[in-house]
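Note: hydrogens, waters and symmetry copies are ignored here, and every other heavy atom, side chains too, is used. Note that the structure is a prediction, hence the values are computed from the model and not measured. In what follows, chains carry the letters A, B, and so on, assigned in the order in which the sequence lines appear, proteins first and then strands, with residues in each chain numbered from 1.
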Protein chains: 2
Amino acid sequence: MPENKKRRRGADLENAILTAAWEQLQEKGYQNATIEGVAAAAATTKTVLYRRWPDKAHLMIAALIKFGELPDYQVPDTGSLRSDLFALFGQMAAFLDRLNGETLRGLLADRLRNLELGELLSRANTTDTLKTFLRPLLVRAADRGDIPQREWSDRVINLPGILLLNEVIGQQTLTVAAQTEMIDEILLPVYGAK
Amino acid sequence: MPENKKRRRGADLENAILTAAWEQLQEKGYQNATIEGVAAAAATTKTVLYRRWPDKAHLMIAALIKFGELPDYQVPDTGSLRSDLFALFGQMAAFLDRLNGETLRGLLADRLRNLELGELLSRANTTDTLKTFLRPLLVRAADRGDIPQREWSDRVINLPGILLLNEVIGQQTLTVAAQTEMIDEILLPVYGAK
DNA sequence: AAATATAAGATACGGCCGTATCTAATTTAA
DNA sequence: TTAAATTAGATACGGCCGTATCTTATATTT
């Protein structure tokens, strides 16, 4: 048999690494996955990984983007702002469920350490994805007369994401009761629902 | 001169360590401070520290509690809910300012990793301290007729803390403009101010 | 096809973590 | 005052991080 001296390169190699990273993430969780472990699983070495990603967070986010089935929210139009928000939260909850909780915490922790990482994360993250289509949702509600029409500040647009994230981090879970409270006691009043 | 063979023990030693920890925290910041560094600065060894605190976060929080001049909020009574909230935010901002930002992020990151650490942190932390006296503040506002009287859920009570934390983490700072937005666009509507 | 450039793979390093083990100083109990 | 129990201090370990260096396979250029 021919001794295998083939070297993978470029995209080939990168795919193998990301696949390994994704597997490690599933098997061991974020905290226990190591760069060296991923390298070994991909039958290569650290050096190669560090040439591509600066640290675990970036590597794992890359894997997450490739294999994580990031949410592709359907902007709900259910007839009322309240039920739209419920639909939205439901979708976000489903996404976060798939994310193991531990992984989410690990990523956020690393995000806090670095801070620069923030933007990168946000692509995979609910918080900012959210706002691109929360605004139309509010516009619709205003057109319908559910709430007054006005300019919504970024802070107010991001509020659902903040609440959600806070909930998932603090508690391990996102119950319907919690969603209800967030919507009825906070979001609807803020958006000016009567 | 007598060769110093004295060994510090118990509280004595512990004070020396916490003092060193506090100094290291100031000098290097949370991330760059190391357990071994603190041990060296206190002229002892890791082993001794690990007997007392399970990790850097616990050690630093202990130092913080001892030397950090944790906030002793004066419940403000300025005549209106809005100005009370401003006074409150001002106090919290002052506290957070002293905390270097970097330290806060480091601690929160570690908190996310562990999670159990949460309660411990909360003693030093604004978020929960907050709620013990936000409630009376709201009651006063209700008595005054600023807002309707009702039962306020924990979630709603913690909201200022969440907003604040989020702001400090995401941005590096807490501007007056941000405070104003949080109060006028979120908190006052949530509490039902007309 | 040969020369050159690029990037993979192997290895080693210093830094810090958290743990384990051993010794000797200091307390406390007898 | 002596014996026993604590616990400080010293050292060493394996694990992982992130970096640097070197060699060698593969692409690219000429």
Side-chain angles (χ1 to χ4, degrees), chain A residues 2-21 24-25 27-62 102 106-107 109-117, chain B residues 2-21 24-25 27-62 102 106-107 109-117:
Chain A
E3 186 51 275
N4 193 356
K5 289 189 168 187
K6 285 276 162 64
R7 280 187 183 179
R8 296 157 299 180
R9 281 203 164 204
D12 235 35
L13 180 55
E14 191 153 318
N15 285 337
I17 294 170
L18 287 177
T19 303
Q24 294 286 306
L25 192 57
E27 277 173 37
K28 326 207 166 176
Y30 186 86
Q31 314 241 36
N32 292 327
T34 71
I35 298 254
E36 285 173 317
V38 172
T44 179
T45 55
K46 282 202 288 189
T47 323
V48 176
L49 302 215
Y50 278 110
R51 275 190 201 112
R52 289 176 160 77
W53 303 277
D55 52 41
K56 183 160 83 172
H58 284 81
L59 168 60
M60 287 311 185
I61 288 172
E102 186 271 346
L107 278 173
D110 283 353
R111 179 205 165 150
L112 281 184
R113 291 191 185 292
N114 288 294
L115 203 56
E116 156 276 335
L117 207 146
Chain B
E3 187 52 272
N4 193 356
K5 288 191 169 188
K6 282 278 163 63
R7 280 187 182 180
R8 296 156 299 178
R9 285 204 161 203
D12 235 35
L13 180 54
E14 192 153 320
N15 285 337
I17 293 170
L18 288 177
T19 303
Q24 294 286 305
L25 193 58
E27 278 174 35
K28 325 208 165 174
Y30 186 86
Q31 314 242 34
N32 292 325
T34 70
I35 297 255
E36 285 174 315
V38 172
T44 179
T45 56
K46 283 203 285 190
T47 324
V48 176
L49 303 215
Y50 279 111
R51 275 188 201 115
R52 291 176 159 76
W53 304 277
D55 52 41
K56 183 161 82 171
H58 284 80
L59 168 60
M60 288 309 187
I61 289 172
E102 186 272 344
L107 277 173
D110 282 352
R111 180 204 164 152
L112 281 184
R113 290 192 187 292
N114 288 295
L115 205 56
E116 156 278 333
L117 207 146

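Taking the side chain as every heavy atom from C-beta outward, B:Arg113 and A:Asp110 approach each other to under 4.5 Å. In this structure, the side chains of B:Met60 and B:Val38 come closer than 4.5 Å at one or more pairs of heavy atoms. Between B:Asn15 and B:Arg8 the shortest side-chain heavy-atom distance does not fall below 4.5 Å.
In this entry the distance linking CG of A:Asp110 with C1' of D:dG18 reads 14 Å, nearest Å. Between the CG atom of B:Leu59 and the P atom of C:dC16 there is a distance of 15 Å, given to the nearest Å. As rounded to whole Å, 17 Å separates atom P of C:dC16 from atom CG of B:Asp55. In this structure, B:Met60 atom CE and C:dC16 atom P are separated by 13 Å, rounded to whole Å. Note: CD (B:Gln31) to P (C:dC16) measures 14 Å, nearest angstrom. Spacing between atom NE2 of A:His58 and atom P of D:dC17 amounts to 16 Å, rounded to whole angstrom units. Put simply, NZ on A:Lys28 is 12 Å from C1' on D:dG15, counting in whole angstrom units. Taking atom NZ of residue A:Lys56 and atom P of nucleotide C:dC17, one finds them 16 Å apart after rounding to whole Å.
Of the possible polar contacts, one joining the A:Glu102 side chain to the A:Tyr30 backbone as a donor-acceptor pair under 3.5 Å is found. Side-chain atoms of A:Asp55 come within 3.5 Å of backbone atoms of A:His58 as a donor-acceptor pair (strictly under, hydrogens ignored).
Proximity note for B:Thr44 (side chain, C-beta onward) versus C:dC17, D:dG9, D:dC17: the nearest is D:dG9. The B:Val48 side chain lies nearest to D:dG9 when the options are D:dG9, D:dA12, D:dT19. Candidate nucleotides D:dG18, C:dA8, D:dC16 were compared by shortest atom distance to the side chain of A:Thr34, and D:dC16 ranks first. Nearest nucleotide to the B:Glu36 side chain, out of C:dC16, C:dT6, D:dG9: C:dC16. Distance from the side chain of A:Lys46 is smallest to D:dC17 among D:dC17, C:dT26, D:dA8.
Residue-level contact check: A:Arg51 touches the bases, meaning some heavy atom is under 4.0 Å from a base atom. Nucleic acid contact for B:Gly10: sugar-phosphate only, since backbone atoms but no base atoms lie under 4.0 Å from a heavy atom of the residue.
Closest-nucleotide positions on DNA chain C for B:Tyr50 and B:Arg9 were compared, and the one nearer the 5' end corresponds to B:Tyr50.
Applying the 3.5 Å distance criterion, the base of D:dA10 shares a donor-acceptor pair with the side chain of B:Thr47.
Dashed line: the shortest gap from a side-chain N or O of B:Arg7 to OP1 or OP2 of C:dT23 is not under 4.0 Å. The phosphate of D:dA8 has OP1 or OP2 within less than 4.0 Å of a side-chain N or O from B:Arg52.
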